[in-house]
Amino acid sequence: MNHVYILGGAQTDFSRNWAREGLEIYDMFAEALDGAIADAGIEPAQIEVGHVGNFVGELFTGQGLINGFFGQLYPELAAIPTSRHEAACASGSIAMLSAMRDIEAGHYDIACVLGLEFMRNVNGKTGAEYLGAAAWQGHEATDCDYPWPHMFDRITREYQQRHGIRGEHLARIAEINFGNAKSNPNAQTRAWQFPPGCFSDDDELNPVIEGRVRKMDCGQITDGAACVMLASERAAREHAAKRGLKLADIPRIKGWGHRSAPILLERKLQLSAGMPLLFPHVQTMMEDALRRGGFAQITDLDALETHDCFSVTEYMAIDHSGLTAPGESWKAVEDGRITRDGSFPINPSGGLIGLGHPVGATGVRMALDCALQVSGRAGDYQLPQAENMATFNLGGSATTCVSLIIGVGA
């Protein structure tokens with residue numbers, strides 16, 4: 001197999017509101033691409049193929065065919081093949097997988113993957129309506145104003161029915177991720193202040209959004225983009241030689257998993273009725289990624305960048321990844337192993353709750369953060385020992401699920 005490496009990448013500052021700055025989605029695209037080219041130390045002409053992850057650009061901005069921005073920005077890219085990929089919140093990861101397939105097939109040596117979403121130009125109710133496109137229209141979340149808090153409250157209630165789940169554990173997940181974000185210079189919430197009691201069931205400080213989902217449990221509405229440069233082993237070897245590095249020093253995508261499920265949340269839960277895990281396909285996806293990467297279990301890795309669109313999503317990732325037994329995610333929260341200085345840190349970047357969630361960018365951003373960590377370039381939020389990390393990115397109610405294992409060394 002032709003191994004796939006990550007030469008470098010960049011993300012925008014997720015705290016920015018681009019519409020208020022008088023800027024467009026094209027400007028966001030341009031900044032991320034410029035930054036990735038500079039970080040990777042390549043010339044634009046070396047990019048042979050471009051992939052874009054974006055969910056609902058047409059709804060938020062009226063703009064489709066975003067992959068046409070590659071050639072608009074650089075004349076050297078005016079004739080390269082490009083494409084755009086949509087899988088709701090997993091759009092960026094699907095763009096990553098597509099670029100990987102290009103390289104693995106031997107078609108190209110360097111591929112650019114750019115994920116982005118422009119979301120803060122509308123009010124909250126309109127934004128929620130647009131994001132609801134990832135649910136089955138007319139068949140679910142039809143009697144609520146905010147589809148995704150409604151749907152993930154349903155997941156919380158299913159956990160309650162099968163195993164029991166305590167609000168303080170969900171609040172602690174959110175508190176950890178907001179805390180991690182304070183060290184990330186690109187985090188949307190890095191300057192936010194949290195008064196005592198806001199990570200509790202205090203209805204004034206932490207109001208209910210839907211059922212058991214409270215304000216602090218929610219990921220952010222975010223403007224942002226992330227971009228990485230992927231390379232074949234041949235291109236990575238040349239790149240390493242020019243920089244005086246060993247090939248083993250360059251982050252490599254060692255494993256991957258990709259599974260899907262029916263779009264309807266209730267159908268998913270029907271299929272897993274009577275089983276300990278709500279979403280067995282998520283477990284299978286993680287097992288696929290570990291097996292392909294040559295790892296036996298999740299704890300053979302050093303950390304995880306996971307989807308936490310809501311705190312219960314990370315709670316689900318903990319037991320579905322095998323870090324705990326089914327229904328026992330609370331143990332990893334209580335014993336501190338998922339904190340930055342714990343034995344298995346989760347979301348050292350701050351995750352979707354703390355760093356932010358520009359939907360189409362998230363899967364690419366996760367891969368970039370893992371690459372930065374394993375190469376020792378994560379700055380103030382660098383983990384002390386990180387050689388191999390995983391991502392877990394999902395779209396919809398775990399309809400599309402992707403994991404990448406990224407590491408250095410053999």
Side-chain angles (χ1 to χ4, degrees), residues 3-11 39 90 92-93 96-97 100 113 115 173 176-177 180-181 183-184 186-187 226 228-230 236 248-258 282 285-308 313-314 317-318 320-323 332 337-355 361-394 401-410:
H3 291 152
V4 180
Y5 293 79
I6 301 177
L7 300 185
Q11 73 162 90
D39 185 73
S93 288
M96 290 286 296
L97 290 175
M100 289 164 58
V113 185
I173 287 172
I176 290 168
N177 291 345
N180 289 345
S183 299
N184 188 332
N186 289 312
V228 294
M229 298 295 169
L230 304 186
D249 295 331
I250 298 180
R252 176 166 67 88
I253 302 176
K254 297 184 176 183
W256 60 275
H258 175 203
V282 172
M285 173 211 64
M286 291 300 301
E287 291 172 346
D288 289 343
L290 290 166
R291 184 187 70 255
R292 288 173 176 136
F295 300 95
Q297 56 195 3
I298 192 69
T299 51
D300 290 340
L301 307 179
D302 300 302
L304 172 68
E305 279 287 333
T306 195
H307 213 86
D308 58 322
T313 321
E314 180 172 327
I318 291 171
H320 284 59
S321 68
L323 188 59
R337 80 186 81 163
I338 65 171
T339 62
R340 188 185 302 170
D341 57 356
S343 62
F344 192 81
I346 294 182
N347 286 337
S349 69
L352 285 62
I353 287 175
L355 170 54
T362 288
V364 182
R365 192 278 305 164
M366 289 177 173
L368 173 61
D369 262 317
C370 289
L372 292 173
Q373 287 284 357
V374 301
S375 56
R377 299 200 301 130
D380 289 343
Y381 61 105
Q382 176 68 48
L383 297 173
Q385 292 182 339
E387 292 186 2
N388 296 288
M389 290 181 62
T391 72
F392 170 34
N393 183 206
L394 65 80
C401 298
V402 178
S403 176
L404 303 175
I405 295 178
I406 296 168
V408 293

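Counting from 1, the numbers follow the sequence of the chain as shown.
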[X] side chain vs [Y] backbone, donor-acceptor pair below 3.5 Å:
X      : Y      : result
Arg292 : Trp256 : yes
Asn184 : Ser349 : yes
Ser321 : Ile318 : yes
Asn180 : Asn347 : yes
Asn177 : Ile353 : no
Glu305 : Ile346 : no
Gln373 : Tyr381 : yes
Arg337 : Leu323 : yes
Asp302 : Asn388 : yes
Thr391 : Leu404 : yes

Can you see which heavy atom on [X] is nearest to which on [Y], and at what distance?
X      : Y      : result
Ala181 : Leu355 : CB-N, 4.0 Å
Ala361 : Gly115 : CB-O, 3.3 Å
Cys401 : Leu394 : SG-CB, 4.1 Å
Pro251 : Ser375 : CG-CB, 4.0 Å
Arg340 : Ser183 : NH1-OG, 3.3 Å
Ala296 : Asp300 : N-OD2, 2.9 Å

Evaluate the side-chain proximity of [Y] to [X]: yes if any heavy-atom separation is below 4.5 Å, no if none is.
X      : Y      : result
Leu97  : Met100 : yes
Leu304 : Met389 : no
Ile338 : Ile176 : yes
His3   : Lys254 : no
Thr313 : Leu352 : no
Leu230 : Tyr5   : no
Met96  : Val402 : no
Met286 : Ile298 : yes

Distance from [X] atom [atom1] to [Y] atom [atom2], nearest 0.5 Å?
X      : Y      : atom1 : atom2 : result
Ile405 : Arg291 : CD1   : CZ    : 10.5 Å
Leu372 : Gln382 : CG    : CD    : 8.5 Å
Glu287 : Ser403 : CD    : OG    : 11.5 Å
Ile6   : Cys370 : CD1   : SG    : 8.0 Å
Glu314 : Asp308 : CD    : CG    : 5.5 Å

- Do NZ/NE/NH1/NH2 and the carboxylate oxygens of Asp369 and Arg377 come within less than 4.0 Å?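 Salt bridge between Asp369 and Arg377, a charged N being under 4.0 Å from a carboxylate O: no.
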
- Counting heavy atoms not belonging to Glu387, are there more than 12 under 6.0 Å from its CD?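 No - once you tally the heavy atoms of other residues, nucleotides and ligands closer than 6.0 Å, there are 12 at most.
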
